[in-house]
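Computed from a prediction, not measured in an experiment: that's the story for all the values here.
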Amino acid sequence: MANVVLQMKAATIEEMKHYYINQLGDKLPPGSVFTAKTPKCNITAYKSGKVLFQGAGAESEAMNWQKEQIQAGPAAVKKSSVKQHSYSPPANIGQLNIIGSDEVGTGDYFGPITVAAVYADRSTIPLLKELGVRDSKNIKDPEILQIAGQLKHAVPFSLLSLDNTKYNALQAKGMSQGKMKAYLHNLAIKKLIEKIKPVTAEGILIDQFAKPDIFFGYLKDQEMFEADNIYLSTGGESIHVSVAAASILARAAFVKKFEELSKQAGFVIPKGAGPAVDQAAAKLIQQKGIASLNTFTKQHFANTEKAKKLLQKKGHMK
């Protein structure tokens with residue numbers, strides 16, 4: 001069995017936990033933060049910062065996170081054990097004219113998946129940094145909305161949202177969430193490429209959620225965007241400000257959608273997929289019927305059955 005160990009920052013481990021949210025294990029070994037299981041790899045993240053990848057797909061899975069590892073120290077993985085893929089961005093990408101794309105909402109039971117693409121050139125990069133553009137996961141909602149309001153006037157962008165009714169219909173037909181995300185990234189980037197013509201970006205940077213062969217496989221039946229240089233990398237927000245700007249615009253649209261859903265529900269809809277979400281889903285079923293989940297939620301998440309069980313315990317559902 002192949003084994004790879006990466007030494008990661010606490011913030012990156014939280015990012016990984018969110019990334020694997022639908023594959024998390026229930027039992028935690030002593031000292032661990034989370035466990036996850038993919039078809040070819042078992043992942044265990046520890047409070048010490050070590051992340052262990054085990055299984056036939058250990059090296060390829062670890063490769064997705066190699067750029068996020070802490071390079072100093074004996075626990076860091078040797079460069080020879082995990083190779084960068086051919087779509088890894090160059091070292092100077094932060095100074096290039098780039099279209100960056102990112103998505104939010106994939107791990108949230110309520111609310112839509114939202115994808116944004118942003119074009120940032122050399123002249124705009126300093127302005128975006130001055131506006132406070134950074135990884136949206138480290139910014140609270142009020143500031144997200146404030147920065148997004150300024151971004152809309154500062155950069156060309158494209159924004160797409162997949163509502164839950166459409167999401168559930170596609171999922172019921174067998175489409176994976178990964179394929180939906182690939183479709184949305186592709187369409188957002190295509191729209192932005194058209195919007196900025198005759199200007200041409202020096203590259204496209206996509207915040208990576210799947211290995212390159214899988215990502216491009218998702219799009220084999222689609223008319224894909226055209227670009228001379230395509231880059232995929234995890235932690236794209238820290239690599240180029242265009243991805244960070246995209247994450248903020250996507251998050252702002254996502255926050256506004258939650259406000260709309262809360263008004264429709266008559267109570268505050270929580271983000272994420274934890275126990276508070278189960279309680280909210282149970283309340284929604286009780287007040288508006290189980291059919292309402294199709295509009296509000298990603299129904300295949302485990303939260304649906306958890307909400308039903310909560311109502312069964314209370315005697316409100318048979």
Side-chain angles (χ1 to χ4, degrees), residues 4-25 28 31-38 41-53 57-58 60-71 75-77 82 84-85 87-89 93-94 100-109 111 113-116 133-141 143-144 177-178 181-182 185 205-212 214-215 231-252 254-255 271-274 277 301:
V4 177
V5 177
L6 301 181
Q7 182 73 33
M8 315 296 278
K9 295 179 181 178
T12 304
I13 288 177
E14 283 303 309
E15 180 183 342
M16 295 177 73
K17 186 177 180 180
H18 179 78
Y19 180 88
Y20 294 112
I21 194 163
N22 292 322
Q23 298 163 301
L24 294 178
L28 295 178
S32 66
V33 178
F34 75 84
T35 63
K37 186 175 183 179
T38 70
C41 181
N42 293 322
I43 303 137
T44 306
Y46 294 92
K47 294 177 182 178
S48 64
K50 292 185 177 68
V51 181
L52 173 64
F53 299 79
S60 60
E61 194 68 33
M63 180 179 66
N64 292 332
W65 300 98
Q66 184 188 15
K67 292 184 71 63
E68 299 300 305
Q69 71 176 308
I70 301 171
Q71 295 294 339
V77 66
V82 180
Q84 290 193 18
H85 55 68
Y87 294 94
S88 295
I93 191 170
S101 65
D102 199 2
E103 87 284 332
V104 300
T106 57
D108 293 84
Y109 179 58
I113 295 178
T114 305
V115 171
V133 173
R134 57 196 188 278
D135 187 350
S136 67
K137 290 187 288 296
N138 300 322
I139 312 175
K140 294 183 179 180
D141 289 351
E143 189 180 0
I144 284 281
Q177 189 184 88
K181 288 191 288 184
H185 276 269
L205 174 61
I206 300 168
D207 194 56
Q208 185 176 334
F209 55 86
K211 290 183 289 185
I214 295 175
F215 175 79
Y231 308 114
L232 288 87
S233 178
T234 57
E237 301 93 336
S238 62
I239 296 173
H240 198 281
V241 72
S242 62
V243 178
S247 74
I248 288 174
L249 287 173
R251 174 63 62 179
F254 186 70
V255 169
K271 300 181 182 68
V277 170
F301 276 33

About how many Å separate CD of E15 and CE of M8, when rounded to the nearest 0.5 Å? 8.0 Å
How close do S32 and T44 get, counting heavy atoms only, and between which atoms? CB-CG2, 4.1 Å
Student check: side-chain heavy atoms of K181 and V115 closer than 4.5 Å: no
With heavy-atom distances below 4.5 Å as the criterion, would you say the side chains of V33 and E14 are in contact? yes
Could you give the distance from OG (S247) to CG (N138), rounded to the nearest 0.5 Å? 9.5 Å
Close side-chain approach of N22 and Q177, heavy atoms under 4.5 Å: yes
Would you say that V277 contacts F301 through its side chain, given a criterion of any heavy-atom pair below 4.5 Å between the two side chains? no
So, the side chain of Q7 versus the backbone of S48: is there a donor-acceptor pair under 3.5 Å, distance only? yes
So, taking the atom named OG1 in T114 and the one named CG in D102, what distance separates them when rounded to the nearest 0.5 Å? 11.0 Å
Could you check, using the six-membered ring where one of them is a Trp, whether F209 and H185 have ring centers closer than 6.0 angstrom? yes
Considering non-hydrogen atoms only, spot the tightest contact between I144 and S136 and give its length. CD1-CB, 3.7 Å
Rounding to 0.5 Å, atoms CG (L232) and CD1 (I206) come to a distance of 5.0 Å
Side chains of T106 and H18: does their closest heavy-atom pair fall under 4.5 Å? yes
Calculate, to the nearest 0.5 Å, the distance between atoms CG and CD1 belonging to L6 and I13 respectively. 10.0 Å
So does E143 pair up with R134, basic N to acidic O under 4.0 Å? yes
Please list, chain by chain and in numerical order, all residues satisfying side-chain hydrogen bond (donor to acceptor under 3.5 Å, both in side chains) with Q23, sequence neighbours excluded. none
Would you say I43 and F34 make side-chain contact, with heavy atoms under 4.5 Å? yes
Can you check whether D141 reaches K271 side chain to side chain, under 4.5 Å on heavy atoms? yes
Are more than 12 heavy atoms, taken from residues, nucleotides or ligands other than K37, located less than 6.0 Å from that residue's NZ atom? no
I113 versus G105, closest heavy-atom pair with distance: CG1-O, 4.1 Å
Please round to the nearest 0.5 Å and tell me the distance separating atom CD1 of I239 and atom CG of L205. 6.0 Å
Would you name the heavy atoms of A273 and G107 that are closest together and state the gap between them? CB-O, 3.6 Å
Closest non-hydrogen atom pair between C41 and A58, with its separation: SG-CA, 3.9 Å
Angle class for the Y20/W65 ring planes (parallel below 30°, perpendicular above 60°, tilted otherwise)? tilted
Testing the basics here: between V243 and D207, what is the closest heavy-atom pair and its distance to 0.1 Å? CG1-CB, 4.1 Å
